[in-house]
Visitor: 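Dropping a structure here in structure tokens format, bear with me for questions.
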Protein chains: 2
Amino acid sequence: MALEHAILVSLLERPGSGYELASRFDRSIGRFWTATHQQIYRVLRRMETDGWVVVEHVAQDGRPDKKVYSATGPGRQAVAAWLREPVEPETVRHELAVKIRAAAFSDPAELIPEVERHRAGHAALLERYLTGADRDFPDPDVLDAQEQLQHVVLRGGIEYERMTLAWLDDVLATLHRLARTPSNPQD
Amino acid sequence: MALEHAILVSLLERPGSGYELASRFDRSIGRFWTATHQQIYRVLRRMETDGWVVVEHVAQDGRPDKKVYSATGPGRQAVAAWLREPVEPETVRHELAVKIRAAAFSDPAELIPEVERHRAGHAALLERYLTGADRDFPDPDVLDAQEQLQHVVLRGGIEYERMTLAWLDDVLATLHRLARTPSNPQD
DNA sequence: AGTGCCATGTAACCAGTTACATGATTGC
DNA sequence: GCAATCATGTAACTGGTTACATGGCACT
């Protein structure tokens, strides 16, 4: 399980409430780990009883009170211990790839709009990464350790999106080729 | 849910037993969808009662009997209907990326062996893809529709591994740089 | 009047993982 | 004798998703 650790890393970078964590998981951290607010609240309570985080109740006016969480010493140690454990290989769930193979048993042309939709999504994400990189790391040669590590992860996201865009173009070309030569497999 | 559909696609490509499906999920299909045999047996039974697949009991001598499953007409229609539904965006789970950011709160040098282990795993996988591509698609210009779609998915896997290798080199360079300049953040 | 943001939660369900169980055959 | 391969399953658990609930403030 790594959601605990993802939350701890986020709290080490900056303390915050469950709500704030949920919005971070929708933005930056969401690039490589997703979580809903329900999950986050549940895990935060568990980590509090484990002593990995502490809460500070903050009253606000004009908006609801919030509970600001911070990582504790034991929490930091838990992260360090987890870093020393080997990561199991990622379990892949690539639904679009399954669909592309499935297209052989239906009409490949039908998949084109879906692939185009994905392409547009990835293009938009790449744009967001690039503008985010410009904004958050305007001078990539002067970064402290934490920023360098954040930056190299962001570079990974950018390269992933570029690769994916190129591949989706390859997929689209293949689908268009198949649409032009109507073989109609077993239908 | 897409495990049903991944199994159906695999059975459309070729009928097989739960055991055979499990080994396919360890090889080719495992590139973009994973499943254990327990899961596969459970889903096959559900799909049988739904009429998406049919079983044929095959007695064998020298080895245990097996139940060979095939996709039915309704199964094929279920795949076609699923193809027309939009795919939800993939939920990403990239544990290594979390660890790289976590390294800022521990010793970045400690992560180097782990990243090298990953690099070796991805390099081995790329090799396997490349030899598999040579073996299964020796002449990529003469492929039928099904093979073309399988091939474009394989190309995606190859490009993904290449990109990942390049990124892991980038990560390693970053970690080595940080190890040379001991900043030691909050320890 | 309606939408969106801030903020926290409960409850039910479903998918996926881990552990355990059985048993014959083939090869080292 | 031991491990690997073929072959199918049960049971318990855990992590993640979906639906539902509450309520004030700011903006259009």
Side-chain angles (χ1 to χ4, degrees), chain A residues 1-8 11 15-27 29-30 32-50 53 55-69 82 87-95 98, chain B residues 1-8 11 15-27 29-30 32-50 53 55-69 82 87-95 98:
Chain A
M1 234 288 279
L3 178 56
E4 272 102 334
H5 302 109
I7 289 176
L8 276 173
L11 289 178
S17 68
Y19 185 88
E20 281 167 336
L21 282 168
S23 66
R24 287 187 219 169
F25 272 83
D26 269 350
R27 303 165 200 282
I29 308 163
F32 41 89
W33 208 270
T34 52
T36 58
H37 74 273
Q38 292 93 331
Q39 244 182 306
I40 291 167
Y41 286 126
R42 201 200 299 171
V43 171
L44 279 173
R45 260 174 280 143
R46 186 165 65 220
M47 289 201 288
E48 201 202 333
T49 61
D50 290 349
V53 296
V55 201
E56 194 200 347
H57 289 260
V58 176
Q60 303 182 113
D61 46 38
R63 52 178 67 179
D65 299 351
K66 62 179 175 178
K67 294 155 84 174
V68 174
Y69 290 87
W82 169 69
V87 180
E88 348 66 269
E90 312 284 335
T91 53
V92 184
R93 295 281 139 105
H94 203 320
E95 202 168 347
V98 182
Chain B
M1 234 290 278
L3 178 56
E4 271 100 335
H5 302 109
I7 289 176
L8 277 174
L11 288 178
S17 69
Y19 185 87
E20 281 167 336
L21 281 168
S23 66
R24 287 188 218 169
F25 272 83
D26 269 352
R27 304 163 199 282
I29 308 163
F32 43 88
W33 208 270
T34 52
T36 59
H37 74 272
Q38 293 92 333
Q39 244 181 306
I40 290 167
Y41 287 126
R42 203 199 301 169
V43 171
L44 279 174
R45 259 174 282 145
R46 186 165 66 220
M47 288 201 291
E48 201 203 332
T49 60
D50 290 350
V53 295
V55 201
E56 194 201 347
H57 289 262
V58 176
Q60 303 183 112
D61 47 37
R63 50 178 67 180
D65 298 352
K66 61 179 176 178
K67 294 154 85 174
V68 174
Y69 290 86
W82 169 70
V87 181
E88 351 59 275
E90 312 285 334
T91 53
V92 185
R93 294 281 139 104
H94 203 320
E95 201 168 348
V98 181

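The sequence lines fix the lettering, A, B, ..., with proteins before strands; numbering per chain opens at 1. In this text, all values refer to a predicted model and were calculated from it rather than measured experimentally.
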Visitor: Would you grab the first and last nucleotide of DNA chain C (5' to 3') that comes under 4.0 Å of any non-hydrogen atom in chain A?
Guide: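 The protein-touched segment is C:dC5 to C:dG16.
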
Visitor: For residues 40-49 of chain B, which residues have at least one heavy atom under 4.0 Å from DNA chain D?
Guide: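 B:Tyr41, B:Arg45, in order of number.
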
Visitor: Measuring from A:Glu4:CD to A:Met47:CE, what's the distance to the nearest 0.5 Å?
Guide: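 Nearest 0.5 Å value for the CD-CE distance: 6.0 Å.
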
Visitor: Could you give the distance from OG1 (B:Thr34) to CD1 (B:Ile29), rounded to the nearest 0.5 Å?
Guide: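 Answer for the OG1-CD1 pair, B:Thr34 versus B:Ile29, is 11.5 Å.
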
Visitor: Heavy atoms only: give me the nearest A:Arg24-A:Gly16 pair and the separation to one decimal.
Guide: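 Shortest heavy-atom separation between A:Arg24 and A:Gly16 comes out as NH2-CA, 3.8 Å.
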
Visitor: Return the value, rounded to whole Å, for the distance between atom CD of B:Glu20 and atom P of D:dT5.
Guide: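 After rounding, the reported distance stands at 15 Å.
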
Visitor: Using atom CH2 of A:Trp33 as one end and atom P of D:dG15 as the other, report the distance to the nearest whole Å.
Guide: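 Atom-to-atom, A:Trp33 to D:dG15, this comes out as 11 Å.
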
Visitor: Could you pull out all residues at least two apart from A:Ala35 that satisfy side-chain contact (heavy atoms from CB on, under 4.5 Å)?
Guide: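 A:Leu3, A:Phe25, A:Gln39, A:Ile40.
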
Visitor: Under the rule for ring pair (Phe, Tyr, Trp, His ring centres under 6.0 Å), what residues qualify as partners of B:Trp82, not counting sequence neighbours?
Guide: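 B:His5.
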
Visitor: Check whether any side-chain heavy atom of A:Val98 lies under 4.5 Å from a side-chain heavy atom of B:Val87, and answer yes or no.
Guide: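 A side-chain contact is absent here, since even the closest heavy-atom pair is not under 4.5 Å.
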
Visitor: Under 4.0 Å between a side-chain N/O of A:Gln39 and OP1 or OP2 of D:dT17, yes or no?
Guide: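 Yes, because at least one side-chain N or O of A:Gln39 sits under 4.0 Å from OP1 or OP2 of D:dT17.
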
Visitor: Could you work out how much the helix from C:dA1-D:dT28 to C:dC28-D:dG1 bends, comparing the axis of its first five pairs with that of its last five, to 10°?
Guide: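 About 40°, once rounded to a multiple of 10°.
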
Visitor: Can you find a pair of side-chain heavy atoms, one from A:Arg93 and one from B:Arg93, that are under 4.5 Å apart?
Guide: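 No, their side chains stay 4.5 Å or more apart.
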
Visitor: With nearest nucleotides of DNA chain D determined for B:Tyr69 and B:Ser23 from heavy-atom distances, which residue corresponds to the more 5′ nucleotide?
Guide: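 It is B:Ser23, whose closest nucleotide lies nearer the 5' terminus.
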
Visitor: How many Å lie between CD on B:Gln60 and C1' on D:dA7, as a whole number?
Guide: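 After rounding, the gap between these two atoms is 9 Å.
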
Visitor: Send over the distance from A:Arg63 CZ to D:dT22 C1', rounded to a whole Å.
Guide: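 The answer, rounded to whole Å, is 18 Å.
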
Visitor: Of all heavy-atom pairs between A:Pro64 and A:Gln60, which one has the smallest distance, and what is that distance?
Guide: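 Scanning both residues, the minimum pair turns out to be O-NE2, 2.6 Å.
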
Visitor: If only atom types and distance count, is the side chain of B:Glu90 paired as donor or acceptor with the main-chain N or O of A:Glu95 below 3.5 Å?
Guide: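 Checking the backbone N and O of A:Glu95 against the side chain of B:Glu90, a donor-acceptor pair under 3.5 Å is found.
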
Visitor: With a 4.5 Å limit on heavy-atom distance, are the side chains of A:Leu21 and A:Leu44 in contact?
Guide: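 SC-SC contact between A:Leu21 and A:Leu44 confirmed.
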
Visitor: CG of B:Asp61 versus P of D:dC6: gap in Å, rounded?
Guide: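 From B:Asp61 CG to D:dC6 P: 16 Å.
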
Visitor: Over how many whole Å does the gap from A:Phe25 atom CZ to D:dT17 atom P extend?
Guide: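 Rounded to whole Å, this separation is 12 Å.
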
Visitor: Could you say whether A:Gln38 or B:Lys66 is positioned toward the 5' end of DNA chain D, judged by the nucleotide with the nearest heavy atom to each?
Guide: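 Closest to the 5' end, via its nearest nucleotide, is B:Lys66.
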
Visitor: If you look at every strand shown and take non-hydrogen atoms under 4.0 Å, does A:Thr34 touch a base, only sugar-phosphate, or nothing?
Guide: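 Here A:Thr34 touches no strand at all.
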
Visitor: Is the phosphate of D:dC6 approached by B:Tyr19 (side-chain N or O, under 4.0 Å from OP1 or OP2)?
Guide: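 True: B:Tyr19 side-chain N/O within range (under 4.0 Å) of D:dC6 OP1/OP2.
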
Visitor: Does B:Arg45 have any side-chain contact (heavy atoms from CB on, under 4.5 Å) partners at least two apart in sequence or in another chain, and if so, which?
Guide: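 side-chain contact (heavy atoms from CB on, under 4.5 Å) check on B:Arg45 returns B:Tyr41.
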
